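So the structure is just underneath, and the comments pick up after that.
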Amino acid sequence: EADIYQTPRYLVIGTGKKITLECSQTMGHDKMYWYQQDPGMELHLIHYSYGVNSTEKGDLSSESTVSRIRTEHFPLTLESARPSHTSQYLCASSESRPGGSYNQPQHFGDGTRLSIL
Amino acid sequence: SQQGEEDPQALSIQEGENATMNCSYKTSINNLQWYRQNSGRGLVHLILIRSNEREKHSGRLRVTLDTSKKSSSLLITASRAADTASYFCATDASGYSTLTFGKGTMLLVSP
């Protein structure tokens with residue numbers, strides 16, 4: 001099993017609250033990712049990072065923000081949660097190969113299922 | 001979008017039967033990867049096939065890649081109830097910094 005952890009697993013919270021979803025990995029991977037996935041649907045990349053102090057926006061526009069101060073930690077923050085943010089959020093990481101031009105397999109956490117009331 | 005598209009969207013079979021899922025994509029790739037997702041869990045990487053490979057095996061899994069048709073297939077032989085999950089292909093396309101995942105195939109294996 002991959003060593004990547006997400007907390008909390010489930011979160012039900014009211015509109016307007018500030019939320020931080022935690023993601024940590026112990027594999028020393030440089031690259032990390034956040035995906036949004038509705039049940040039974042495709043994954044949408046919302047943020048990714050090449051390493052410390054690197055953050056990039058993904059394909060799906062998101063009101064969330066991320067930070068990467070430490071290699072192992074890649075938290076996602078919603079400043080003011082809304083019902084439209086209700087979804088599952090998956091964190092993943094992968095190695096980056098020096099000089100490599102292709103993407104290594106990704107290791108996923110079990111996700112945070114977020115419900116905004 | 002150069003996103004992979006899986007076919008069929010859903011597949012229901014009996015234990016012991018083989019399951020075949022297909023993935024089509026639009027641009028040239030470095031590699032193509034298959035993942036499994038059990039209900040309520042994250043994705044698990046199954047197998048990676050490089051653009052210069054045509055077939056790869058891992059246990060009961062067999063993956064083929066046809067770059068001329070821009071398609072791949074995943075075959076699960078002698079399916080078990082525990083194979084029930086969603087299966088996603090992901091393309092590592094040239095010039096893209098991240099993988100792009102398809103919409104997935106939902107596989108139901110009945111005892």
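Model, not experiment: these values are computed from the prediction. To find a chain, count down the sequence lines: A is the first, B the second, and so on, and within it residues start at 1.
Taking NE2 of His45(B) as the reference point, atom NE2 of His107(A) lies at 8.0 Å (rounded to 0.5 Å). Taking CZ of Arg41(B) as the reference point, atom CZ of Arg9(A) lies at 6.5 Å (rounded to 0.5 Å). Taking OH of Tyr35(A) as the start and OG1 of Thr98(B) as the end, the distance is 6.0 Å to the nearest 0.5 Å. For the atom pair OG1 of Thr100(B) and CG of Asn103(A), the computed distance is 8.5 Å after rounding to the nearest 0.5 Å.
Residues Val44(B) and Phe108(A) are not in side-chain contact: their nearest non-hydrogen atoms beyond the backbone lie 4.5 Å or more apart. By the 4.5 Å heavy-atom criterion applied to side chains, Leu43(B) and Leu43(A) are counted as neighbours.
Within 6.0 Å of CG on Leu117(A) lie more than 12 heavy atoms contributed by other residues, nucleotides or ligands. Counting heavy atoms of neighbouring residues, nucleotides and ligands inside a 6.0 Å radius, atom CZ of Arg80(B) does not exceed 12 of them.
Note: the hydrophobic cluster containing Phe88(B) does not contain Leu48(B) (ILVMFWY, side chain heavy atoms under 4.5 Å, direct or indirect links). Using a 4.5 Å cut-off between side-chain heavy atoms of Ile, Leu, Val, Met, Phe, Trp and Tyr, with links allowed through other members, Val12(A) and Leu78(A) fall into different hydrophobic clusters. In the hydrophobic cluster analysis, where Ile, Leu, Val, Met, Phe, Trp and Tyr join through side-chain heavy atoms closer than 4.5 angstrom, Tyr50(A) is grouped together with Leu45(A). The hydrophobic cluster containing Leu60(A) also contains Tyr89(A), counting ILVMFWY residues as joined when their side-chain heavy atoms lie under 4.5 angstrom apart, directly or transitively. In this structure, Met106(B) is not a member of the same hydrophobic cluster as Leu46(B), with clusters built from ILVMFWY side-chain heavy atoms closer than 4.5 Å.
Neither side chain, Gln33(B) nor Gln106(A), offers a donor N or O lying under 3.5 Å from an acceptor on the other.
In terms of heavy-atom pairs under 4.5 angstrom with chain A, the leader among Ser39(B), Ala90(B), Gly40(B) is Gly40(B). Of all the listed residues (Glu56(A), Gln104(A), Gln37(A), Gln88(A)), the one sharing the greatest number of non-hydrogen pairs under 4.5 Å with chain B is Gln37(A).
Nearest heavy atom pair, residue Tyr35(B) against residue Pro105(A), reads OH-CA, 3.5 Å.
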Legend entry - Leu90(A) and Gln37(B): CA distance, side-chain angles, deciding distance, side chain to side chain contact (heavy atoms under 4.5 Å, CB included) verdict: CA-CA 12 Å; Leu90(A) 292 168; Gln37(B) 183 180 31; 3.9 Å; yes
